[in-house]
Amino acid sequence: MNQTIKPTLGKTSPREHGGYSLRLILALAFGTLVAVSVGTVLFISVAANFRNTYSLLNERAITLIKTMEQSIRLETSRAESAVNGLADMHATGAADMLQRDQALIALQTILASETVIEGLIVRDPQGGQYGLVRQGNGKLVALRKETASGIVPSGFEGKPFLADTATWGVPVEIDGQFYHNVSRRLGRTNEGALVITALLGRSTMNGVLSKLGQDNETTAFVLDGSNNVIGHSKMGAIFGERNFVPIADIPDPALQDMKNAVMSEEFEKAAAQGITVFRSSGFGGYIYISKQLPGYTAVPYVMGAYFAKADLGAEVKRALFSLFAGLAGLAAAVVASAVLGKWISAPMARIAATAGQLSDFRIDDIEPLPRSAIREIDDQTIALNRMHVAIGEFSKYVPRTLVSRLVKLGASASKSVEKEVTVLFTDIAGFTTLSEHLDATRTASILNEHFDIICPLIESCGGTVDKFMGDGVMAFWGAPEEDPEHIKRAVGAAKKIVEAMHVHNLGNHNAGRKPIRIRIGIHTGRAIVGNIGGGGRQNYTLVGDTVNVAQRLEQMGHQIMQDNEEALVLVSSPVVLATKPAFAFKPTGNHTLRGRARPVAVFRLDLSGKTTAMRGKRPSASKNTGAKPA
């Protein structure tokens, strides 16, 4: 039975003896401080503006350049992951890249899931080349024979390739289009090397720069080793017919004027991190920041951005005014608190701490507040205690970890957006048969015990339990917070669930109960994430094809799972590509999932080393055997 938490009340109510008005007390205290506070704020704001301008600009330059580099590296790393994934598929036999038909299917699968990659090329040991290239309309076309015969991507000639290393090579030109490329050798025969190459074009670079420019209200650009512009956040369209634009010909007067800018010596902190800052002479003009971007060509690229001095000055003034106004108000509040005494500050501090715990959804850490002798504080105390009780009851019906994250990220985090996520579905095999002879109380007890095992494991791996569906669970990773490891965390959670259920089944055996067999399906991809619902009720959840595929994989366990298996985890090929070699998988072949026209490559998580097969009639503590489950 649930126990109701009752707020702790004091021995007497301030209503009985009138109490004291906090409004009157604070009005008298702060009234005497207003004149001094206003003059102090104005004086400090003007004086501090000159002292802190360059410090703030240092921080902004460092943050922006780091963001640019991380964004570019993140996009290009997807090409590296693609060639590494294809190498793993070739090595494990999931796709024989020497067989053209198999290779083209694997290339098409990668290109369909990784839209940032604009082409994949295979060079066989005999020197033949074939592949797929993405056109401007997004359609994938085969590399033309006459085009393929002239391509020498990634410095194939005269440059050694390590067998397990993705290597960036010199840019290549295909049908008049300029591409960056990364290659990896899949193997070597007597005739030569088998090499896979991924292509990244101008659209990737300009797409990254465009988003950076919008998010940071600036203009971002990238120069090659010859000072030609190869990417621009606001002028990506000018590269439609050419691979680069000389900086003297770019229709951007501010960027053309960069050659006249002089190095600024006030940016020591930025310079220590390899960031160069230039500024136009005089009060007008621009401030330019730049840094080398090595690793893609022999001569490093240069990434940069510029700001109008006038915009930065206004921004700094606004920020400093708000900062010091707040500090002055804080100082005044401290003085007032000292004068008025601890009997005012202590209960306010307790209320603030409790409000902070409520805002972070840390319900279990909260202790009921004692009543106060001040009327307004007492009203807040009663309200917070009631809110604590209400939220404590409400929290039983929502995922606490999810609510806590949404509260920390703000209201915008719950808006519906498309994101890369990983979805996991679980289901108890044969639960209908298992529970048909049990009453409702025992059935509910089994389910609650089952969910008490798997839900904490999902949350411990960074996942969110979205909903319960009969005897199954839907969970997801990658939202609302960004998580570059969301695929590995989901697979890791599945493996932990399998291990925990094995231990649980040993206990079932000792108690004379039948084992619980579990099926799990995992898929990763883009999905709509956010608040979904209507009529005043909404759920933060996922919708889209990615969710459907994950559920279909779990349901496919009906066909694949053997009667003597305790657990089965089925995943899609994108999950395999993203998590090998951290996890091992076994291919089950291509399967047509319900609702999808094209077959999907399905793999099962290799659970060797963990007892998952049930042989004989009864499990024991040393070997997971037992009666054939329902």
Side-chain angles (χ1 to χ4, degrees), residues 1-5 361-365 389-405 423-477 490 492-522 537 539-542 550-551 554-555 557-558 561 565-569 610 612 614 619 624 626-627 629-630:
M1 180 180 295
N2 294 331
Q3 296 182 349
T4 302
I5 303 175
F361 217 64
R362 292 185 285 121
I363 308 301
D364 296 334
D365 298 337
V389 174
I391 293 178
E393 293 298 318
F394 170 75
S395 67
K396 299 174 183 177
Y397 303 95
V398 297
R400 287 196 182 187
T401 55
L402 175 61
V403 175
S404 178
R405 293 171 186 168
V423 186
L424 177 148
F425 278 86
T426 75
D427 188 59
I428 298 177
F431 184 74
T432 302
T433 304
L434 181 68
S435 60
E436 64 182 356
H437 300 299
L438 302 176
D439 58 25
T441 301
R442 179 54 186 159
T443 301
S445 175
I446 291 175
L447 287 177
N448 289 335
E449 186 178 30
H450 176 67
F451 294 143
D452 280 341
I453 294 173
I454 66 177
C455 291
L457 294 175
I458 292 172
E459 293 178 352
S460 70
C461 293
T464 297
V465 176
D466 182 76
K467 58 176 66 74
F468 300 100
M469 299 175 295
D471 56 346
V473 168
M474 172 185 169
F476 60 86
W477 284 257
K495 201 158 189 178
K496 286 186 177 182
I497 290 172
V498 171
E499 295 169 356
M501 290 307 302
H502 171 63
V503 174
H504 178 66
N505 280 335
L506 292 178
N508 282 339
H509 161 63
N510 294 333
R513 296 190 295 264
K514 291 184 178 181
I516 301 295
R517 303 168 63 226
I518 188 168
R519 297 187 303 267
I520 299 176
I522 305 175
R537 179 175 178 179
N539 287 332
Y540 185 91
T541 187
L542 282 65
Q551 188 174 31
E554 176 271 308
Q555 294 171 348
H558 286 286
M561 191 175 191
E565 285 186 296
E566 187 179 52
L568 174 67
V569 181
K610 309 297 178 185
T612 58
M614 300 180 294
N624 188 19

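Given the structure is predicted, the values throughout are model-derived calculations rather than measurements. In this chain, residues are counted from 1 in sequence order.
To the nearest 0.5 Å, atom CZ of residue R517 and atom CD1 of residue I428 are 11.5 Å apart. Taking NZ from K467 and CZ from F425, the interatomic distance works out to 7.0 Å, rounded to the nearest 0.5 Å. Going from atom CD1 of I454 over to atom OG1 of T426 covers 4.0 Å, rounded to the nearest 0.5 Å. Expressed to the nearest 0.5 Å, how far NZ of K496 lies from CG of L457 amounts to 7.0 Å. The CD atom of E554 sits 10.5 Å away from atom CE of M561, with the distance rounded to the nearest 0.5 Å.
Using a distance-only test at 3.5 Å, with no hydrogens or angles considered, no donor-acceptor pair links the side chain of N505 to the main chain of N508.
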Report task. List the steps and the verdict of side-chain contact (heavy atoms from CB on, under 4.5 Å) for W477 and I458. Result -> CA-CA 9 Å; W477 284 257; I458 292 172; 3.9 Å; yes
Requested in this report: Could you check H450 against D471 for side-chain contact (heavy atoms from CB on, under 4.5 Å), going step by step and ending with a plain yes or no?
Outcome: CA-CA 9 Å; H450 176 67; D471 56 346; over 6 Å; no
Report task. Determine, step by step, whether M501 and E566 satisfy the side-chain contact (heavy atoms from CB on, under 4.5 Å) criterion, reporting the C-alpha distance in whole Å, the side-chain angles of both residues, the deciding distance to 0.1 Å, and the verdict. Result -> CA-CA 9 Å; M501 290 307 302; E566 187 179 52; 5.8 Å; no
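Between F431 and T443, the closest side-chain pair of non-hydrogen atoms falls below 4.5 Å. Taking 4.5 Å as the limit, every side-chain heavy atom of Q551 sits out of range of all side-chain heavy atoms of M474. Put simply, the side chain of V473 does not reach to within 4.5 Å of the side chain of L424, judged on heavy atoms.
Minimum heavy-atom separation, L568 to G557: CD2-CA, 3.7 Å. The heavy-atom pair separating A490 from I522 by the smallest distance is O-CD1, 4.0 Å. Of all heavy-atom pairs between C461 and G492, the closest is SG-C, 4.3 Å.
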